[in-house]
Amino acid sequence: LGQRSALRDAIGHTDPLTGKWQLQTPDPAALENATEVHDRGAILVAAIFDAFLSIYKTRVADLLRIATSGSGVLPAGAIHPDLVNRLAAEAAKSAQHMLNMCVRALDYCPTVDITFGEYLRALITADFELVPDDSRGYRTAVVEAFRRRGIYPDNVRTLSVESLLWAPPAALHDGNGSGAGLVKRFLGYLVDSHHLNLIKFMNNWDMEADRAEVYEQSRQLAADLHGWIDINRASIQSFLPGLDLSAKGPNFEIHSLRPARRVGPNGEFISELVVEIAQRRRAFLTDEREKAGEGMHRDGSGRPYDFYFRGGHTLILDLQRGLMRYSIFKSINSASRLERQRSFMNESTGASLRATYSNGLNTTSEPFAMLHRDG
């Protein structure tokens, strides 16, 4: 659009008087006050970029001490090319580590309605699983960067690394209650009934595999798992509290079933199965409309509703040890979450996202604006 901007603008700006770039002071209230989607996204970008800078500074601190005889302050003028190369290499390594953390965290997110705070918990948990000893303070840097920008998860007392970790479903593995039996049945179905298929599926999940074959294997395993859950709805409801598995409950889907293979910094190898189960039900903007059965006919079925309300589970399974590592869910029966979604939809201005790209220009000549055209 002819405007000068970059990712670094999320953490600073160019002073119009001096023309120099300045680091901005994070505003903890910015997220609470920002409503436009790209403004909110920029806050998340700033937190990640801020964490990257903190990690980079930690990694190069020793190089700067060596180059400056212990002061850590570089003199004015050009620095030695060898030092430039070392600093650049550490910047690239820090960026790669930060990227890996961000991508790895996606496996530890709720299936629906992800918040920035929950993404923070996913970042911390995924990194802890792979690197329990955070000797370089990566997780501390991430937590601090999010805290400075007012990003807090719900139902967490403090922003310590320990409190941000997703809690493993310990009750399901207590060995005494019904939960342990449900996990055993669930994992037993996957392993005992599909042992060879699962081994083949997980071994084939790499860059050299036949993508069509892996896709079909994933679909078949997901279909089989869906059928098993559907048959055992009543008995495993407590095992999947985020879903409504009652006889009159809405349909659900195995949204994704995929292996996750990770290699730690010391060569540790972790192989897990990630299963995402999603469910949606028709919902109304007010209790009165729900009771009266009023709404809009959006799906052509003649059944009235205003919007879809979603719930689901993300299951992290360790098939080798027969454990469910995590069960991260958003309940489809959550009254508080439903009320928040109603409030958002009732107060929304309904402005199209395309306006954020057009900037007053003719949208037919701006391809990014065309992506946000209304249906």
Side-chain angles (χ1 to χ4, degrees), residues 27-47 105-106 108-125 143 146-147 149-159 163-167 237 240-246 249-253 255 276-296 298-299 303-314 326-353 356 372 374:
D27 181 5
L31 183 63
E32 185 176 349
N33 297 326
T35 57
E36 199 275 328
V37 292
H38 297 81
D39 290 341
R40 294 177 64 84
I43 296 172
L44 179 63
V45 170
L106 297 177
Y108 289 77
C109 287
T111 303
V112 299
D113 290 353
I114 305 171
T115 66
F116 287 172
E118 288 163 346
Y119 184 61
L120 169 60
R121 299 192 70 177
L123 275 167
I124 300 303
T125 305
V143 172
F146 276 64
R147 183 196 64 79
R149 286 163 177 79
I151 301 177
Y152 304 98
D154 294 331
N155 304 318
V156 173
R157 292 181 177 272
T158 64
L159 277 186
S163 63
L164 288 172
L165 295 172
W166 289 120
Q237 174 64 81
L240 298 171
L243 305 178
D244 178 4
L245 297 178
S246 63
N251 294 330
F252 64 91
E253 69 169 4
H255 186 70
E276 294 180 348
I277 310 174
Q279 190 177 40
R280 69 181 186 182
R281 65 179 176 88
R282 292 175 173 82
F284 297 82
L285 291 176
T286 64
D287 289 333
E288 292 73 18
R289 289 170 71 84
E290 186 153 359
K291 292 176 182 178
E294 298 175 355
M296 293 180 290
R298 294 184 183 176
D299 65 350
R303 289 171 290 186
Y305 70 103
D306 289 332
F307 62 94
Y308 280 120
F309 183 64
R310 293 174 167 83
H313 272 262
T314 298
Y326 297 97
S327 177
I328 305 160
F329 68 91
K330 290 290 189 73
S331 176
I332 198 170
N333 295 314
S334 173
S336 60
R337 197 162 57 87
L338 174 61
E339 190 54 41
R340 288 198 300 271
Q341 188 164 339
R342 282 176 172 175
S343 176
F344 171 78
M345 297 184 71
N346 283 322
E347 295 174 3
S348 175
T349 61
S352 172
L353 289 178
T356 63
H372 285 296
D374 295 324

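Everything quoted here is computed from the prediction, not taken from an experiment. What's counted below: heavy atoms across the whole structure, side chains too, no hydrogens, waters or symmetry copies. Residues: numbered from 1 along the sequence shown.
Between Ile277 and Leu243 the shortest side-chain heavy-atom distance falls below 4.5 Å. Proximity of Pro250 to Gln279: side-chain heavy atoms (C-beta onward) are separated by under 4.5 Å at one or more points. A 4.5 Å side-chain heavy-atom check between Asn333 and Pro241 finds every atom pair outside the cut-off.
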Carefully, step by step, assess Leu338 and Arg281 under the rule side-chain contact (heavy atoms from CB on, under 4.5 Å).
CA-CA 11 Å; Leu338 174 61; Arg281 65 179 176 88; 3.6 Å; yes

side-chain contact (heavy atoms from CB on, under 4.5 Å) evaluation trace for Leu106 with Tyr119
CA-CA 8 Å; Leu106 297 177; Tyr119 184 61; 4.1 Å; yes

Could you give me the CA-CA distance, side-chain angles and deciding distance for Glu253 and Arg280, then say whether salt bridge (charged side-chain N to carboxylate O under 4.0 Å, His left out) is met?
CA-CA 9 Å; Glu253 69 169 4; Arg280 69 181 186 182; over 6 Å; no

Would you check, one step at a time, whether the test side-chain contact (heavy atoms from CB on, under 4.5 Å) holds for Arg149 with Phe116?
CA-CA 11 Å; Arg149 286 163 177 79; Phe116 287 172; over 6 Å; no

Is there a side-chain contact (heavy atoms from CB on, under 4.5 Å) between Phe146 and Leu44 once you walk through the steps?
CA-CA 8 Å; Phe146 276 64; Leu44 179 63; 3.8 Å; yes

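To the nearest 0.5 Å, atom CG of residue Leu164 and atom CD of residue Glu118 are 12.0 Å apart. Remark: Phe252 CZ to Asp244 CG distance equals 11.0 Å, nearest 0.5 Å. Atoms CZ and OG, on Arg340 and Ser334 in that order, are 6.0 Å from each other to the nearest 0.5 Å. To the nearest 0.5 Å, atom OG1 of residue Thr314 and atom NZ of residue Lys330 are 10.0 Å apart. To the nearest 0.5 Å, the span separating OG1 on Thr35 from CZ on Arg40 amounts to 8.0 Å.
Ile151 and Ile43 get closest at one heavy-atom pair: CD1-CG2, 4.3 Å. Of all the heavy atoms in Tyr305 and Arg282, the pair that sits closest is CB-CB, 3.4 Å. Residues Ala34 and Asp39 approach most closely at CB-CB, 4.3 Å, considering heavy atoms. Contact record, Cys109 with Ile114: CB-CD1, 3.8 Å, taken as the closest heavy-atom pair. When every heavy atom of Tyr108 is checked against every heavy atom of Trp166, the shortest pair comes out as O-NE1, 3.0 Å. Contact between Phe309 and Ala283 at its shortest, heavy atoms only, is CB-CB, 3.9 Å.
The only member of Ile328, Asp154, Thr115, Val156 that meets side chain to side chain contact (heavy atoms under 4.5 Å, CB included) when paired with Arg121 is Val156.
With respect to the salt-bridge test (charged N to carboxylate O, under 4.0 angstrom), the residues Glu339 and Arg342 qualify. In summary, Asp113 and Arg310 do not engage in a salt bridge, as defined by a charged side-chain N under 4.0 Å from a carboxylate O. Classification of Asp306 and Arg289 as a salt-bridged pair holds, one side-chain N sitting under 4.0 Å from a carboxylate O.
His313 and Ser327 share a side-chain donor-acceptor pair at under 3.5 Å.
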